[in-house]
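This report concerns only the one structure given below.
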Amino acid sequence: MKYYRSHVLVCVDPECLQKGAHELVDALQDELVATGLIDEVQVLETSRIGGCSLGPEMMVYPEGVHYVGVTPDDVPYLVEEHFLKGRVVNKFQMPTTKIVDEELGAPTQKEVRIVLRNCGKIDPENIEDYIAEDGYQALAKVLTEMTPEEVIDTVLKSGLRGRGGAGFPTGKKWQFTRQAPGEIKYVVCNADEGDPGAFMNRRVLEGDPHSVIEGMIIAAYAIGAHQGYIYCRAEYPVAVSTLNIAIQQARNLGLLGKDILGSGFDFDLEVRMGAGAFVCGEETALIASIEGRRGEPRPRPPFPAVQGLWNKPTNVNNVETYANIPQIILKGPEWYASYGTEKSKGTKTFALAGDLNHTGLIEVPLGISLREIIYDVGGGIKDGKAFKAVQIGGPMGGCVPAEYLDLPLDYESLAQAGTIMGSGGMIVLDEDTCMVDVARYFMDFTQDESCGKCTPCRVGTRRILEILTRICDGKGQDGDIELLENLCQEIRTNSLCGLGQGAPNPVVSTLRYFRDEYEAHIYEKRCPAKVCRALIRYEILPDACTGCTVCARNCPVNAISGERRQTHVIDPDTCIRCGICMQVCNFNAVVIE
Amino acid sequence: MLNTKPSIPANDPLANPEQKKLIDEILEKNKNLPGATMVVLNELQSRIGFISEAMQQYVADKLHVPVSSVHGVVSFYSFFTTTPRGKHTIKFCMGTACYVGGMPQLIDKAKSLLGVEPGQTTPDGEITLEVCRCVGACSQAPVVVVDDKIVGRLRPNKFPQVLRTIQDNKQ
Ligand SMILES: Cc1cc2nc3c(=O)[nH]c(=O)nc-3n(C[C@H](O)[C@H](O)[C@H](O)COP(=O)(O)O)c2cc1C
Ligand code: SF4
Ligand code: SF4
Ligand code: SF4
Ligand code: FES
Ligand code: FES
């Protein structure tokens with residue numbers, strides 16, 4: 001094997017690809033060949049490093065220097081400086097994030113990377129890289145030194161709770177599955193990650209697939225399973241292929257298959273793909289889908305731990321849950337439990353999205369406050385706007401307003417505030433967001449994804465969507481709010497699965513905190529955030545308009561008239577309020593009335 | 001038993017020897033897997049591009065499952081389509097970030113340029129418009145996916161450029 005003194009990892013995620021990551025890789029290769037360094041410096045492709053919008057991004061190891069925005073033209077200079085002369089090129093270094101807004105206090109805690117520790121650092125397609133980071137050591141320890149009961153005990157002690165949404169204690173679930181009668185058992189990894197805005201699991205699967213595989217083998221040993229499935233959504237083809245490569249490499253090294261590491265324990269793994277149904281993230285629907293059927297949930301109990309895949313006891317855990325396991329085994333449950341709060345231990349990944357300065361993936365210790373996440377980690381609200389709410393937990397979650405900014409992030413506090421931890425979607429909304437529109441958006445999602453098996457969910461979500469749409473359209477009626485409340489109650493109590501039971505949450509939580517906005521829409525026919533199309537009017541400010549004609553050329557319905565260099569005018573009757581003119585005007589001449 | 005198996009239309013993939021061979025390979029490779037129906041349908045969808053009525057019948061026969069259950073599976077999952085689609089697909093991300101980031105406006109622009117709605121294919125069979133859920137590139141909202149390529153921060157006035165790229169690739 002060649003010995004490389006340096007490794008360059010270039011991010012080839014969609015965002016970096018778009019900014020020319022492949023061209024950068026090619027240029028680096030060429031330059032390294034030209035300078036004769038190709039046997040010393042290895043260029044590897046990796047996934048998401050972190051800065052995202054600044055891409056293309058690369059990390060240089062062993063120094064751990066993070067470069068961004070390098071173009072192929074810069075490569076000769078960079079190679080000469082960094083690899084020949086050994087000097088870090090400052091101008092391409094990732095700008096260090098500055099702490100924003102003194103007023104809100106300096107951070108008391110930083111991000112802690114347990115699940116994401118290897119992401120962007122190792123080559124996910126090379127098992128050796130994972131092994132070099134203590135990979136599969138936990139498995140070796142488990143197989144040689146620990147009984148299944150001891151493994152379960154360790155996981156129990158760590159306090160780890162399921163990261164897929166509900167937060168059920170993982171050790172307990174393993175215990176139930178182990179104790180369930182039956183010879184044949186299965187372990188399943190839920191990689192269906194369907195919440196809009198969520199991509200934490202994809203990131204782990206693409207960046208550190210072996211951590212999930214190792215976690216699953218350990219779970220299988222603990223519960224006595226010999227076959228496992230990773231159910232991955234079809235929208236993640238890269239994750240599927242990375243997983244398949246990883247599984248094959250693990251098999252080649254005897255880490256999967258018969259007699260793993262000479263321990264006598266057999267276990268193998270297969271990836272199965274979904275086909276675009278959100279409800280398949282629900283564990284009983286997921287099981288039906290792996291079995292090759294329509295992904296319709298069924299009532300629980302019996303829980304999958306007792307009667308799951310092909311009616312055998314089955315342990316279903318989320319990607320992130322499994323990815324925590326190797327570290328818990330290696331560093332001990334006390335170490336893991338030292339992060340977090342009394343009832344919510346460890347760390348959680350979130351996909352921070354929305355109106356923030358720094359969006360992207362984060363991993364924080366539980367118990368951190370929302371304020372710290374938004375203002376410290378996320379760098380505060382974009383464009384100096386005011387914070388309005390944060391939506392946590394996806395379509396089954398809720399919106400939390402400003403007065404809860406100091407809420408500690410743990411399962412119980414979030415429930416009290418009317419939302420759920422969920423799988424890690426976190427969307428920050430600024431003052432320009434209409435909360436009725438947000439509720440409508442999520443209801444549109446759930447009613448579309450309702451599998452239709454039970455009436456309250458199928459009909460009820462459609463009814464709610466109709467009412468919300470009518471409110472946004474300026475046709476809300478007296479009594480609509482009460483009607484919504486009754487429907488929400490009805491759906492929540494009478495639906496079969498978590499989708500229906502959680503579907504009302506976005507409506508209930510916005511009604512709880514932003515009732516006045518609903519009232520403004522219904523009684524005053526006014527959208528306070530100026531979002532709802534039927535309730536706003538676009539106008540051009542004569543003083544600001546330069547007559548550049550850009551708006552008129554982009555208006556889809558030709559509602560804008562005006563000669564070149566003359567003030568333009570919008571015909572309100574033709575205008576469909578699409579907002580394009582406002583987006584394209586370079587002179588801020590278009591305003592909403 | 002009534003035997004009303006529909007005959008295979010001339011333009012069906014099953015009537016094309018090359019595609020039939022591929023279909024048979026997919027079935028042969030997976031038929032003994034537990035839960036084979038999903039695996040087979042997923043592969044057919046991605047390799048052939050759609051799953052026709054006749055193909056569903058064929059799969060049911062080969063896997064020894066009732067055709068109704070194959071129909072049931074195909075109709076349940078949004079990835080499975082029963083008719084061919086345009087040569088290119090433009091998917092509009094309707095995830096939260098993109099929605100808030102101006103996706104409705106972008107779709108309006110696309111509709112006005114192409115004359116078709118999401119879910120439809122242009123009459124020349126070139127482009128299918130679709131909406132999709134979050135594709136995981138939210139920080140670039142609004143995002144469209146042209147075939148497999150993500151195009152981010154797409155303002156309505158840049159949309160014609162996207163169409164031009166598709167047309168250029170055609171030649
Ligand atoms: C509608 C719906 C969608 C769900 N989607 C997911 C998902 O995408 N990923 C996930 O891990 N769990 C999802 N869950 C939760 C699963 O049913 C299950 O609780 C979880 O996979 C258990 O793993 P954990 O204990 O590790 O969290 C969903 C639940 C519901 C009701
Ligand atoms: S609650 Fe909704 S998604 Fe769940 S089973 Fe019923 S109809 Fe299907
Ligand atoms: S784009 Fe702006 S400045 Fe140009 S004509 Fe329209 S309103 Fe006037
Ligand atoms: S809002 Fe849309 S329809 Fe109305 S004038 Fe502007 S571009 Fe035209
Ligand atoms: S997409 Fe490349 S670092 Fe984020
Ligand atoms: S919302 Fe469009 S990429 Fe996530």
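The figures here come from the full heavy-atom set of this structure, side chains too, leaving out hydrogens, waters and symmetry mates. So that the names make sense, note that chain A is the first sequence line, chain B the second, and so on, each numbered from 1.
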Step-by-step side chain to side chain donor-acceptor pair (under 3.5 Å) determination, A:Glu193 to A:Tyr236: CA-CA 10 Å; A:Glu193 193 165 58; A:Tyr236 288 177; 2.8 Å; yes

Full working for salt bridge (charged side-chain N to carboxylate O under 4.0 Å, His left out) between B:Arg85 and B:Glu130: CA-CA 11 Å; B:Arg85 301 190 305 181; B:Glu130 277 177 11; 2.4 Å; yes

Salt bridge (charged side-chain N to carboxylate O under 4.0 Å, His left out) assessment of A:Asp432 paired with A:Lys385: CA-CA 8 Å; A:Asp432 292 339; A:Lys385 295 251 165 84; 2.8 Å; yes

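Ranked by non-hydrogen atom pairs under 4.5 Å with chain B, the options A:Glu296, A:Arg577, A:Arg533, A:Gln391 are led by A:Arg533. Ranked by heavy-atom pairs under 4.5 Å with chain B, the list A:Ala351, A:Gly274, A:Gly194 is led by A:Gly274. With chain B as the partner, the residue from A:Ala275, A:Ala277, A:Gly276 showing the most heavy-atom pairs under 4.5 Å is A:Ala275.
The contact between A:Glu291 and chain B is made entirely by backbone atoms, counting heavy-atom distances below 4.5 Å. If you measure heavy-atom distances from B:Asn157 to chain A, the contacts under 4.5 Å come from both the backbone and the side chain. In this structure, chain B has a heavy atom under 4.5 Å from the backbone of A:Arg293, while its side chain stays farther away. Both the backbone and the side chain of A:Ser289 come within contact range of chain B, each with at least one heavy atom under 4.5 Å from a heavy atom of that chain. Interface residue A:Val279: only side-chain heavy atoms are found under 4.5 Å from chain B. If you measure heavy-atom distances from B:Val39 to chain A, the contacts under 4.5 Å come from the side chain alone.
Annotation: side chain to side chain donor-acceptor pair (under 3.5 Å) contacts of A:Arg553 (sequence neighbours excluded): A:Thr549. Applying the side chain to side chain donor-acceptor pair (under 3.5 Å) criterion to B:Ser78, with sequence neighbours excluded, gives no partner residue. Legend: residues meeting side chain to side chain donor-acceptor pair (under 3.5 Å) with B:Asp12, ordered by chain and number and at least two apart, are B:Ser52.
Relative ring orientation between A:Tyr186 and A:Tyr229 is described as tilted, the plane-to-plane angle lying within the 30° to 60° band.
Distance check, rounded to the nearest 0.5 Å: CG of B:Asp108 to CE of B:Met103 gives 11.5 Å.
Under the 6.0 Å cut-off for aromatic ring centres, A:Phe445 and A:Phe278 qualify, their centroids lying closer than that.
A:Met200 is not listed as a side-chain neighbour of A:Phe350, based on a closest heavy-atom distance of 4.5 Å or more.
Of residues 20-38 of chain B, those residues lying under 4.5 Å from chain A by any heavy-atom pair are B:Leu33, B:Pro34, B:Gly35, B:Thr37, B:Met38.
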